[in-house]
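Input: a single structure, listed below in structure tokens.
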2 protein chains.
Amino acid sequence: MRKLLTIVVADDHAIVREGLKLLLSTMDHVSVVAEAADGETLTTIVRASSPDLVILDLGMPGVAGVQFISELRTVAPRMKILVLTANIEPRTVRAVIAAGASGYLTKTGDPAELNAALDAMLRNEIYLSQSVRFAIDDPRSHEPPPLTGAALSPIPLTRREMQILSLAAQGLTARETADRLGISPLTARKHRENLMRKLSLHNTAEIAAYALRIGLPIG
Amino acid sequence: MRKLLTIVVADDHAIVREGLKLLLSTMDHVSVVAEAADGETLTTIVRASSPDLVILDLGMPGVAGVQFISELRTVAPRMKILVLTANIEPRTVRAVIAAGASGYLTKTGDPAELNAALDAMLRNEIYLSQSVRFAIDDPRSHEPPPLTGAALSPIPLTRREMQILSLAAQGLTARETADRLGISPLTARKHRENLMRKLSLHNTAEIAAYALRIGLPIG
DNA sequence: GTTGATATACGGCAGGTGCCGTATTTCGTC
DNA sequence: GACGAAATACGGCACCTGCCGTATATCAAC
């Protein structure tokens with residue numbers, strides 16, 4: 001029998017809070033103990049009720065972006081912070097996680113991810129929405145993140161494979177891709193085959209769907 | 001016994017859609033028949049399913065502000081439009097109502113207002129959130145503006161073409177599509193070619209991207 | 001300095017795609 | 001009942017794809 005998880009919902013949009021509460025009410029071992037519509041209220045509540053977890057909208061008044069997360073962590077170091085926001089900027093994602101949040105959900109993402117996020121966070125893992133997961137996987141962003149052993153890269157693609165994935169998703173043929181990158185069409189084709197095998201994709205449509213799902217920029 | 005009210009929920013934030021659906025599911029005589037995450041999808045759905053009411057977020061992609069409301073009204077003149085937005089500018093409120101919306105809810109407002117809004121709108125009244133009610137002196141004095149000429153042409157696909165679009169986007173070949181639909185592979189191919197010409201698509205990747213963009217059910 | 005991952009490159013083969021035709025049937029509308 | 005839109009069906013052809021090999025150069029890591 002799992003311990004009851006106490007949650008505070010913080011979002012300035014009442015409709016979002018209501019939706020979250022209803023979503024959470026369908027889950028077991030979870031209880032929404034309070035809600036807040038601004039940063040000051042949230043801080044007060046956290047101080048008073050020491051919840052296990054807060055679901056935090058970064059867009060609300062009195063929440064000066066990422067810095068607020070650090071402040072929250074000084075107030076309640078062991079409390080988990082799940083950020084829920086419309087922002088999908090890789091830089092923001094990295095900053096949020098670096099500041100100490102344990103999860104990052106996008107408002108455009110599948111609500112079913114909420115469940116997965118809570119589960120992962122309870123296992124002391126970091127959870128990212130599908131749509132922003134590439135932000136951490138991207139090799140260019142590899143400032144060794146101070147993550148607590150959170151293995152969140154299901155299938156790593158190489159830089160080249162990422163490029164080919166993006167171009168293929170835009171409908172470029174192997175020949176066109178090769179021209180664009182200045183390599184042989186046969187090589188482009190090989191990269192494409194490799195990434196397809198890695199990701200268990202079987203045709204161009206699935207490539208495009210995958211690329212869009214992980215939020216890759218598509219022309 | 002009141003007639004069942006069919007509703008389409010349109011918001012690019014999945015979490016908000018989910019919250020709205022859950023809220024609406026607690027009400028009687030109300031059924032959410034579809035949802036949309038962008039304007040184009042919404043237009044297609046409205047055309048296809050003629051809902052009684054749409055709950056519309058003005059901030060979503062493909063919804064060019066107030067003008068989109070006018071366009072929606074040319075598509076479905078008798079459909080009620082309830083705008084749900086974070087915007088509390090009096091000017092916006094007035095513009096939205098002038099464009100033909102029957103209700104204006106703010107996201108920061110009390111979710112209980114949703115019920116009141118639906119009731120009022122079904123009585124052919126205009127409903128405004130408490131927080132923006134000051135913006136308009138006498139909401140009841142509203143006369144819907146005359147419908148202007150069409151000025152809206154998202155390329156219409158036939159029912160069959162829609163089906164083929166969806167299946168092709170999932171990576172099915174012409175043969176597989178044909179098997180699924182019980183028609184000749186050559187016919188499936190022809191439908192696919194026709195829809196591609198209509199939509200100016202040139203390969204499977206673009207088909208998949210398009211289908212996902214308009215929110216067609218994939219996978 | 002050997003190992004492993006990455007990137008490069010080539011080729012065969014079956015099957016699928018995209019574009020070009022044409023043609024018949026069905027069905028709702030005027 | 002005439003008409004147009006939609007759905008059905010067939011075929012050729014160049015090209016591309018997806019899957020199967022193989023092979024070499026580079027470079028970081030151990």
Side-chain angles (χ1 to χ4, degrees), chain A residues 134 137-144 151 153-212 218-219, chain B residues 44 47-50 150 153-212 218-219:
Chain A
F134 73 101
D137 286 345
D138 191 334
R140 280 164 297 184
S141 71
H142 255 333
E143 285 303 314
S153 52
I155 301 130
L157 292 187
T158 70
R159 205 164 313 179
R160 209 45 154 178
E161 286 166 347
M162 276 291 194
Q163 291 176 336
I164 267 86
L165 170 60
S166 173
L167 295 172
Q170 293 172 52
L172 272 70
T173 65
R175 177 177 306 279
E176 291 164 338
T177 304
D179 287 347
R180 185 79 69 91
L181 299 178
I183 60 179
S184 158
L186 295 163
T187 304
R189 215 173 72 173
K190 177 57 74 181
H191 284 306
R192 185 204 197 91
E193 288 169 12
N194 289 339
L195 76 88
M196 287 173 78
R197 188 165 19 76
K198 280 187 183 176
L199 300 172
S200 301
L201 307 176
H202 302 90
N203 54 52
T204 316
E206 290 182 7
I207 293 178
Y210 179 86
L212 286 174
I218 302 295
Chain B
T44 305
R47 225 186 271 282
S49 64
S50 301
S153 55
I155 302 110
L157 292 187
T158 69
R159 206 164 311 176
R160 209 48 154 176
E161 284 165 349
M162 276 293 194
Q163 292 177 337
I164 268 89
L165 170 60
S166 173
L167 295 172
Q170 293 174 53
L172 271 70
T173 66
R175 177 176 307 277
E176 291 164 339
T177 305
D179 286 347
R180 185 79 69 91
L181 298 178
I183 60 179
S184 159
L186 294 163
T187 304
R189 215 172 74 172
K190 175 58 75 183
H191 284 307
R192 185 203 197 94
E193 289 169 12
N194 288 340
L195 76 89
M196 289 174 76
R197 190 165 18 78
K198 280 187 183 177
L199 301 171
S200 299
L201 307 176
H202 302 89
N203 53 55
T204 315
E206 290 183 5
I207 291 177
Y210 179 86
L212 285 175
I218 302 290

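Residue numbering restarts at 1 for every chain, and letters A, B, ... go by the order of the sequence lines. No hydrogens, no waters, no symmetry mates; every other heavy atom, side chains included, goes into these values.
Side chain of T187(B) to main chain of I183(B): no donor-acceptor pair is present (N/O by atom type, distance under 3.5 Å, no hydrogens or angles).
Toward the 5′ end of DNA chain D lies the nearest nucleotide of I164(B), the other residue of the pair E193(B) and I164(B) mapping further downstream.
Looking at heavy-atom distances under 4.0 Å, R197(B) makes no contact with the nucleic acid at all. Residue contacts for T187(A): at a heavy-atom cut-off of 4.0 Å it reaches a base atom on one of the strands shown. Counting any heavy atom pair closer than 4.0 Å across all strands shown, H202(B) reaches sugar-phosphate atoms only and no base atom.
Taking atom CE of M196(B) as the reference point, atom C1' of dC16(D) lies 13 Å away to the nearest angstrom. The separation between H191(B) atom NE2 and dA9(D) atom P is 8 Å, rounded to whole Å. The CD-P distance, from Q163(B) to dA7(D), rounds to 9 Å in whole Å. Note: CG (L199(B)) to C1' (dG18(C)) measures 15 Å, nearest angstrom. Rounded to whole Å, the distance from CZ on R175(A) to C1' on dA9(C) is 15 Å. One atom, CG of L167(B), and another, P of dG16(C), lie 16 Å apart when rounded to the nearest Å. Separating the CG atom of L186(B) from the C1' atom of dA9(D) is a distance of 7 Å, rounded to the nearest angstrom. We find that CD of E176(A) is positioned 17 Å from P of dT17(C), with the value rounded to whole Å.
Between M196(A) and N203(A), the shortest heavy-atom contact is CE-N, 3.5 Å. Between S200(A) and E206(A), the shortest heavy-atom distance links the atoms O-OE1, 4.0 Å. Taking both residues in full, the closest heavy atoms of H191(A) and E161(A) are given as O-CG, 4.2 Å, listed atom of the first, atom of the second, then distance.
Applying the 3.5 Å distance criterion, the base of dG11(D) shares no donor-acceptor pair with the side chain of K190(B). At a cut-off of 3.5 angstrom, counting only N and O atoms as typed in the model, there is no donor on one side facing an acceptor on the other between the side-chain of R189(B) and the base of dG15(C).
T204(A) has a side-chain polar atom (N or O) that falls below the 4.0 Å cut-off from OP1 or OP2 of dG18(D).
Proximity of R192(B) to I207(B): side-chain heavy atoms (C-beta onward) are separated by under 4.5 Å at one or more points.
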